[in-house]
Amino acid sequence: MSARRRMTQAPLFIVLLSVHGLVRGRDPELGRDADTGGQVKYVVELARALGESREVERAVLLTRRVVDPAVSPDYAVVEEPLTEKATIVRIECGEEGYIRKELLWDHLDSFSDNVVTFLRSQDRMPDVIHSHYADAGYVGARLANQLGIPLVHTGHSLGRSKRLRLLASGATRLQLEGTYNISRRIEAEETTLSVAERVITSTRQEVEEQYGLYDFYQPERMRVVPPGTDMSRFYPSRENEWGTDIGRELRRFLKRSSKPMILALSRPDPKKNIVTLIDAFGESPRLREAANLVVVAGNRDDIQDMDEGAREVLTDILLAVDRHDLYGSVAYPRHHRPDDVAVLYRLAAATRGVFVNPALTEPFGLTLLEAAACGLPLVATEDGGPRDIIGNCGNGYLVDPLDKEAMAETMLRVITDRASWRRFAANGIAGVSRHYSWKAHVDKYLDVIRPLVDKTEPLPRACPLILQGLTRRQALFVELDLSLLGDEASLRRLLETVHRLRKSVIFGITTGRRLDDALATLRRHRMPQPDILISGQGTEIHYAPNLTEDSTWQRHINHLWTPRLVRAALRDVPGLTRQPKQHQSDFKISYYIDTNIVGEQEIRQTLQRADQAVNVFVSFEQYLDVLPVRASKGLALRWCAEHLDFPLENTMVAGVTGADADMLRGNTLGTVVDSRHIMELSGLASVDNIYFAKASHAEGVLEAMEYYGFGAGEKRE
């Protein structure tokens with residue numbers, strides 16, 4: 001609907017609900033705690049932007065009133081104006097003191113009743129209620145049912161995804177309930193999704209990969225409305241800013257600061273893939289000659305005092321700089337202030353540089369918008385939100401984040417082609433203003449909610465299948481090489497089947513490949529990320545949607561693992577050749593094996609004599625992998641079943657090599673897919689509950705699914 005047409009209609013009264021955290025319009029205390037972050041900033045800015053729209057009569061942001069000497073008295077003030085037409089109103093919510101969001105659940109019904117009292121005191125009822133996060137969703141669903149007002153919802157983050165992340169970090173189910181009330185949160189989210197007439201998300205990927213995990217997932221009710229960017233803070237360079245604190249800090253590192261700047265800015269997280277960017281830069285003589293690299297990876301005082309994940313990333317960054325001898329052409333400042341971020345973008349733009357996001361996956365990419373608003377062209381991962389941003393703005397290139405050579409060539413192309421650089425810079429500034437400014441956000445937002453008010457857009461009925469309350473109590477795990485790959489036609493049919501069953505079936509992929517190699521293979525064959533990716537022959541577990549690593553599994557398998565002694569024991573064994581470094585990892589030692597010279601059993605005995613308690617696997621008749629004694633594909637699968645609560649009896653597993661054997665045995669619905677390596681699994685022919693498919697590749701998996709009645713019914717007799 002055009003803005004002109006909307007202007008002929010009655011202006012809207014919109015109520016926003018954001019219950020937890022500390023919400024105020026001036027000097028927001030962002031980062032004070034886990035409850036006062038990006039969501040608080042977003043809802044305040046949305047209310048303010050709505051209040052500035054001529055199409056809005058009034059915007060009211062309802063939040064919790066907090067009376068607590070430990071926080072500012074601002075949060076006890078009942079009303080706080082944002083603009084002439086936008087106001088924050090604080091509502092009583094049970095206990096007056098400031099408590100974390102996980103403890104609010106028992107107070108939300110009281111908050112809801114008090115909101116009704118407030119709304120009935122107004123001149124008229126709102127046209128729309130827009131809830132933010134699960135707690136407000138619970139309140140919004142009650143209000144919508146009680147008052148008959150359309151509910152719009154934005155999740156910001158989702159309980160099912162958080163549960164996966166917390167389990168991966170080592171939390172137990174008991175801890176999740178005691179600390180996070182996670183089941184109550186997920187139940188509230190399901191209720192909200194069943195009631196909400198529209199769900200607003202930032203990206204299409206969020207719709208499919210996060211909300212898709214819910215029983216009341218109704219994609220036809222979901223709309224993508226990207227968040228707004230503060231154009232008053234992020235704007236093209238107007239003056240020389242090298243004299244700023246952050247400018248002087250960068251010059252400490254760089255011999256020639258005038259060279260184009262390749263800028264990367266992220267938290268120190270392995271998924272941000274910064275080391276690959278440094279390798280791409282370091283391995284390209286032309287790029288090193290043409291540009292400087294600036295890596296801003298959080299703030300640090302002493303790396304040793306940081307948490308383990310950040311410490312490892314920063315250590316790897318320093319080692320990569322040293323390995324390529326990049327001193328003088330790479331900057332990695334220890335500190336930066338929030339206000340320095342915009343200056344960094346403008347400094348990079350002033351040098352005709354480029355902003356790079358090499359993350360393995362990027363759900364949205366707010367930094368891309370900020371950089372683009374400052375006139376900086378982009379090179380970004382092809383996985384996730386950057387596709388939408390660069391597609392809308394036409395201001396850069398998408399790259400495979402694991403292809404170092406292509407990444408280097410793309411960055412070089414941007415900074416050396418001046419005409420393209422100018423076009424990308426101009427496109428980015430215009431594109432952010434057109435698609436991602438707060439005005440653009442409000443225009444799209446009103447396009448979503450106006451039809452609900454006017455009832456000009458029929459509400460899709462909930463699918464009866466959704467209302468059955470299905471839970472994902474089945475799982476399908478398939479080995480990547482030869483089980484999935486080898487025949488594109490059958491692979492497409494299998495993926496279509498998996499997608500159709502995604503509401504009731506967890507989909508996992510297992511592989512001996514390392515994570516980066518596995519992800520590159522998935523991209524090459526246009527395969528979506530699975531719910532669970534078990535890589536490194538069972539030494540690594542990652543969960544969708546953001547490749548969350550199960551760090552507890554890593555600590556678990558470290559038991560009795562002494563890789564130095566393993567390598568020493570096998571150093572002089574004939575028939576073994578160490579595989580290249582890119583195939584090794586902290587928990588996997590890999591060799592090429594000539595089975596005509598040495599056998600798997602001899603390797604086991606050699607390691608036993610050296611007092612090494614390990615697992616040994618030969619696969620594809622040529623690869624030997626030595627793992628910790630607690631690690632294997634089968635053990636990793638069972639770890640996932642235990643922590644994610646899906647029964648092995650409902651889990652179908654398909655494999656092709658000897659490394660898959662312990663995954664196929666036991667209570668799973670085992671399937672051996674036909675291949676030229678089938679002799680490696682011939683010992684399973686007499687084992688109950690293992691089906692030998694006649695077909696190969698993905699066709700064999702489909703055959704076994706039909707045999708077991710998997711996803712449809714009972715096992716065929």
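Index from 1, following the sequence. Heavy atoms only: backbone and side chains are in, while hydrogens, waters and symmetry mates are out.
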Colleague: Indicate whether any N or O donor in one side chain lies under 3.5 Å from an N or O acceptor in the other, for Glu362 and Asn357.
Modeller: yes
Colleague: Is the shortest distance from a Lys or Arg side-chain nitrogen in Asp645 or Arg473 to a carboxylate oxygen in the other one below 4.0 Å?
Modeller: yes
Colleague: Does the side chain of Phe507 come within less than 4.5 Å of Val478's, by heavy atoms?
Modeller: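 Counting from C-beta outward, Val478 and Phe507 do come under 4.5 Å.
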Colleague: If you measure from the Lys or Arg side-chain nitrogens to the Asp or Glu carboxylate oxygens, is any gap between Asp35 and Lys101 under 4.0 Å?
Modeller: yes
Colleague: Stepwise, does the side chain to side chain donor-acceptor pair (under 3.5 Å) test hold for Ser18 with Gln39?
Modeller: CA-CA 8 Å; Ser18 185; Gln39 176 182 325; 3.0 Å; yes
Colleague: For the residue pair Tyr42 and His441, confirm or rule out a side-chain donor-acceptor distance under 3.5 Å.
Modeller: yes
Colleague: A side-chain contact here means heavy atoms from C-beta on lying under 4.5 Å apart; do Leu519 and Leu533 qualify?
Modeller: yes
Colleague: Does the side chain of Cys374 come within less than 4.5 Å of Tyr235's, by heavy atoms?
Modeller: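 When only atoms from C-beta onward are counted, Cys374 and Tyr235 do not touch, as no gap falls below 4.5 Å.
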Colleague: Check this for me, if you would: do Arg124 and Glu57 make a salt bridge, where the nitrogen-to-carboxylate-oxygen distance has to be below 4.0 angstrom?
Modeller: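 Yes, charged N to carboxylate O under 4.0 Å.
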Colleague: Do Tyr345 and Glu370 get their side chains close enough for a donor-acceptor pair, meaning under 3.5 Å?
Modeller: yes
Colleague: With a 3.5 Å cut-off and no angle check, do the side chains of Asp33 and Thr36 form a donor-acceptor pair?
Modeller: yes
Colleague: Do Ile129 and Val152 come close enough that some side-chain heavy atom pair is under 4.5 Å?
Modeller: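 A side-chain contact is absent here, since even the closest heavy-atom pair is not under 4.5 Å.
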Colleague: Taking the six-membered ring for Trp, are the ring centroids of His153 and His130 within less than 6.0 Å of each other?
Modeller: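 Between His130 and His153, which both carry aromatic rings, the centre distance is not below 6.0 Å.
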Colleague: Is it true that the side chains of Gln210 and Arg160 contain a donor and an acceptor less than 3.5 Å apart?
Modeller: no
Colleague: Tell me whether Arg26 is salt-bridged to Asp74, with the criterion being a basic N under 4.0 Å from an acidic carboxylate O.
Modeller: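 Counted as a salt bridge, because a side-chain N and a carboxylate O are separated by less than 4.0 Å.
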Colleague: Does either side chain, that of Tyr543 or that of Gln529, offer a donor lying less than 3.5 Å from an acceptor on the other one?
Modeller: no
Colleague: Output yes when Glu382 and Arg523 qualify as a salt bridge under the 4.0 Å nitrogen-oxygen rule, no when they do not.
Modeller: yes
Colleague: I'd like to know if the side chain of Asp135 pairs up with that of His20 as donor and acceptor (distance under 3.5 Å, no hydrogens or angles considered).
Modeller: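 A donor-acceptor contact under 3.5 Å links the two side chains.
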Colleague: Is it true that atom NZ of Lys162 has more than 12 heavy atoms of other residues, nucleotides or ligands lying nearer than 6.0 Å?
Modeller: yes
Colleague: Would you call Cys640 and Ile532 a side-chain contact if the rule is heavy atoms closer than 4.5 Å?
Modeller: yes
Colleague: State whether Arg184 and Glu187 are salt-bridged, where the test is any N-O pair (Lys NZ or Arg NE/NH1/NH2 against Asp/Glu carboxylate O) under 4.0 Å.
Modeller: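 A salt bridge is absent here (no side-chain N lies under 4.0 Å from a carboxylate O).
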Colleague: Take atom CZ in Arg267; do more than 12 heavy atoms of anything else shown fall under 6.0 Å from it?
Modeller: no
Colleague: Are Ile14 and Asp127 side-chain neighbours, meaning at least one heavy-atom pair lies under 4.5 Å?
Modeller: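 In short, these two side chains do not touch, never coming nearer than 4.5 Å.
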Colleague: Considering residues, nucleotides and ligands other than His525, do more than 12 of their heavy atoms fall under 6.0 Å from its NE2?
Modeller: yes
Colleague: For the residue pair Thr87 / Glu80, report whether a side-chain donor-acceptor contact shorter than 3.5 Å exists.
Modeller: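 No, because no side-chain N or O of Glu80 sits under 3.5 Å from a partner of the opposite role on Thr87.
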Colleague: Is any NZ, NE, NH1 or NH2 atom of the basic residue among Glu189 and Arg185 found under 4.0 Å from an Asp or Glu carboxylate oxygen of the other?
Modeller: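 Judged by the 4.0 Å cut-off on N to carboxylate O distance, Glu189 and Arg185 do form a salt bridge.
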Colleague: Please tell me if the side chains of Leu104 and Ile99 come closer than 4.5 Å, counting only heavy atoms from C-beta onward.
Modeller: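 Yes, at least one pair of side-chain atoms sits under 4.5 Å.
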Colleague: Indicate whether the side chain of Glu92 and that of Ser110 have a donor and an acceptor atom separated by less than 3.5 Å.
Modeller: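 Ser110 and Glu92 do not have a side-chain donor-acceptor pair below 3.5 Å.
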Colleague: Verify the ring-centre separation between Trp438 and Tyr445: is it less than 6.0 angstrom?
Modeller: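 Ring centroids of Tyr445 and Trp438 are no less than 6.0 Å from each other.
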Colleague: Can a donor-acceptor pair be found, under 3.5 Å and without considering hydrogens, that links the side chain of Ser433 to the backbone of Ile429?
Modeller: no
Colleague: Within a strict 4.5 Å, meaning less than it, do heavy atoms of the Lys444 and Arg223 side chains meet?
Modeller: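 No - every pair of side-chain heavy atoms lies 4.5 Å or more apart.
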Colleague: Any donor-acceptor pair under 3.5 Å linking the side chain of Asn273 with the backbone of Pro358?
Modeller: yes
Colleague: If you take all heavy atoms of Val195 and Arg221, which pair is closest and at what distance?
Modeller: O-NH1, 4.2 Å
